[in-house]
Structures are given as C-alpha cells and as structure tokens.
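Position 1 is the first residue of the sequence; numbering continues from there.
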Amino acid sequence: MPQTSHHDHAHCTPQGHTHGHDCHRHHVNFQSPMHIVVPMIPDSRTVVIRSRYNEVDPLLPTGRRRNNDPGCCFFTILGAVIIFGVFAIVFFSFAPLNEFAWTNIESHSCTTYATKEYVAELNASRWSRHRMSICKATPMFVHGRPHWPSRCEDRSGTVIGHFAINHDEPDCVTYWSGYKDMGCSARGSKKRHIEQRLENLPFLADYKEFCATTPTRFLDREFTGANSCVNTIWGVYGQWFIDDHTC
C-alpha cells in the first residue's frame, strides 16, 4: 500500500527572525510513487515448427513460395499438353468443310477402261467424329476437275480417300483391233462369232475387267465390251456372239 510521510517546514520572516518559534510550521503531505507489480510468466518450453518450405527463399508475388520439386514441372507440362489437345479436338471437330483438303495425292494403277485410281489423305483430325462424312463431302481436283471419293477408309485414325479418275488417263485407254468374223458359232445356233484383239492393256492389269469394259462398234452396232475374253500367248482376245438368223 502507498505510504504517506509528513514533513514539517518552518517559514521565517525575511529579516531572518523566527517567530516563537516565530516561524509557522506548515504540514505538507507527500505521497510516495505508486509501484505496480507485474506477475512474471513462468518459463515455458520452446516449440520448434519445421516447414517444408525453405525460409530463406523470397516470397513469390502471389504469396506462394517456390517449389523446386521435379514433379511440379511434369504436371505443368502435362496440363499444357491436355489443354492443347482439347483445343485441337474442338477446333477440328467444328471447322467448316472448306478448311479441309487432300494431301499426299498418289496415282495408282488402272482399274478399268480409261480409269485410274488415286489415293489421298484428308487433313481432318483423327479425334473428329465426323471425319468419314467430311471425307465423302470433300472434293479433290484432278486434271482441273473436282472429284469426290468413291470410298473412304480409316487407317488408324488417318482418313484415306479413293478416287476413280475416268478422264485424261491415256495409259488406261484400251481399244480393239484385228476384227475377225469367225462364222457361225455352231450349226443352228443363230449366233455369229466375232473376235478382236485387245490393245494397250496396262501391265499387270485385270484383263477380264478391261475386256468387259472396252467399248467397240461393228456391224452398225455399239458394244460396251466383249461377251467373253481369252488370254493367249499372242495376247488377249475378246469374243462376241451376235444374233444371226442365217446361222
């Protein structure tokens, strides 16, 4: 508790004389300063918290610390690849038809009279669900004319178009020569036997196909091909059996 002290002071006249004790005593009370006792906190044990972050690393602008774990870079790259893949799928799935084109165009062998097969790849995405429809609707220009594929196939995600080009292919144009009237095929058959040799047959071509599709004209009649064919060491010969009531 604060304590009070009493001090007596004598006041004298300026002449240096006291009054009777001639000096009047005045009692002045002085209070001592207040002391506040603060309780001390008992000693406590220090707890060390270890963080997986390196405290010497500066903070990033976002408030996050750097992570030098190699897995972080892997997942970042993987995420970027996935985002790019999704974007590519959406882009090619909804691209208009005029954005597609045929590439790697190749001419193959002759398939029939005056017709050669062409093969090309369509630049449509393998992830597009409509790539086969796009194939059938996309023309390819050959010899200055548009052509649509006769058939489309999917080779492990790559769309392949097959085209039958039936003009301006002189290597595939066969013709007949050496017209021969072989007479009646048989007595009473009423059929006359005509034979001609097939010319300009492509190498390794199906002679039966070309024999049946090479047109000709004789006896004032037109024929789209021979009735039958014979392959001999002297060449391929087409045969016609014409109605003849004289036979």
Are the side chains of [Y] and [X] in contact, using a 4.5 Å heavy-atom criterion?
X      : Y      : result
Ile194 : Met182 : no
Val230 : Val236 : no
Thr224 : Thr213 : no
Asp243 : Lys191 : yes
Glu153 : Arg155 : yes
Arg192 : Thr246 : yes
Cys135 : Val159 : yes

Side chain of [X], backbone of [Y]: donor and acceptor closer than 3.5 Å?
X      : Y      : result
Thr115 : Tyr113 : yes
Ser150 : His162 : yes
Asn123 : Ala101 : yes

Heavy-atom closest contact ([X] atom, [Y] atom, distance):
X      : Y      : answer
Pro139 : Ala137 : CD-O, 3.5 Å
Cys211 : Ser228 : SG-O, 3.8 Å
Ile165 : Glu169 : O-CG, 3.8 Å
Cys172 : Pro202 : CA-CG, 4.4 Å
Arg131 : Ala124 : CB-CB, 4.3 Å

- Query: Between His167 and His147, how do the two ring planes meet: parallel, tilted or perpendicular, split at 30° and 60°?
  - Reply: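 The arrangement is parallel - the two ring planes meet at less than 30°.
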- Task: Could you go through the side chain to side chain contact (heavy atoms under 4.5 Å, CB included) check for Asp181 and His193 one step at a time?
- Result: CA-CA 6 Å; Asp181 185 348; His193 182 192; 5.9 Å; no
Reported [atom1]-to-[atom2] distance for the pair [X] and [Y], which is rounded to 0.5 angstrom:
X      : Y      : atom1 : atom2 : result
Tyr237 : Thr232 : OH    : OG1   : 5.5 Å
Asn227 : Gln239 : CG    : CD    : 9.0 Å
Asn200 : Tyr175 : CG    : OH    : 6.0 Å
Met132 : Arg151 : CE    : CZ    : 10.0 Å
Thr174 : Glu209 : OG1   : CD    : 10.0 Å
His143 : Asn166 : NE2   : CG    : 10.0 Å

- Query: Given Trp176, which of Phe223, Trp240, Phe210 fulfils the ring pair (Phe, Tyr, Trp, His ring centres under 6.0 Å) condition?
  - Reply: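 Looking at Phe223, Trp240, Phe210, the match for Trp176 under the ring pair (Phe, Tyr, Trp, His ring centres under 6.0 Å) is Trp240.
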- Test item: side-chain donor near acceptor, Ser189 and Ser185, under 3.5 Å: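 Short answer, yes.
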- Query: Between the side chains of Glu199 and Ser177, is a donor N or O closer than 3.5 angstrom to an acceptor N or O?
  - Reply: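 Side-chain D/A pair, Glu199 to Ser177: present.
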- Query: Is it true that atom CZ of Arg217 has more than 12 heavy atoms of other residues, nucleotides or ligands lying nearer than 6.0 Å?
  - Reply: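 For Arg217, atom CZ is crowded (more than 12 foreign heavy atoms under 6.0 Å).
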- Verify ring pair (Phe, Tyr, Trp, His ring centres under 6.0 Å) between Tyr179 and Phe218, making sure each step is shown before the conclusion. CA-CA 9 Å; Tyr179 173 83; Phe218 56 84; 5.3 Å; yes
- Message: Holding to side chain to side chain contact (heavy atoms under 4.5 Å, CB included), I want the full list of residues that pass it with Asp171, two or more places apart in sequence or in another chain.
- Response: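 In terms of side chain to side chain contact (heavy atoms under 4.5 Å, CB included), with neighbours along the sequence ignored, Asp171 is linked to Lys116.
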- Decide yes or no on ring pair (Phe, Tyr, Trp, His ring centres under 6.0 Å) for Trp148 and Phe163, but give the supporting numbers first. CA-CA 7 Å; Trp148 283 262; Phe163 300 81; 9.3 Å; no
- Tyr118 and His108: aromatic ring centres closer than 6.0 Å?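 That pair fails the under 6.0 Å test.
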- Task: Test salt bridge (Lys or Arg N to Asp or Glu O under 4.0 Å) on Glu195 and Lys180 and set out the steps.
- Result: CA-CA 5 Å; Glu195 190 174 275; Lys180 291 182 180 180; 5.3 Å; no
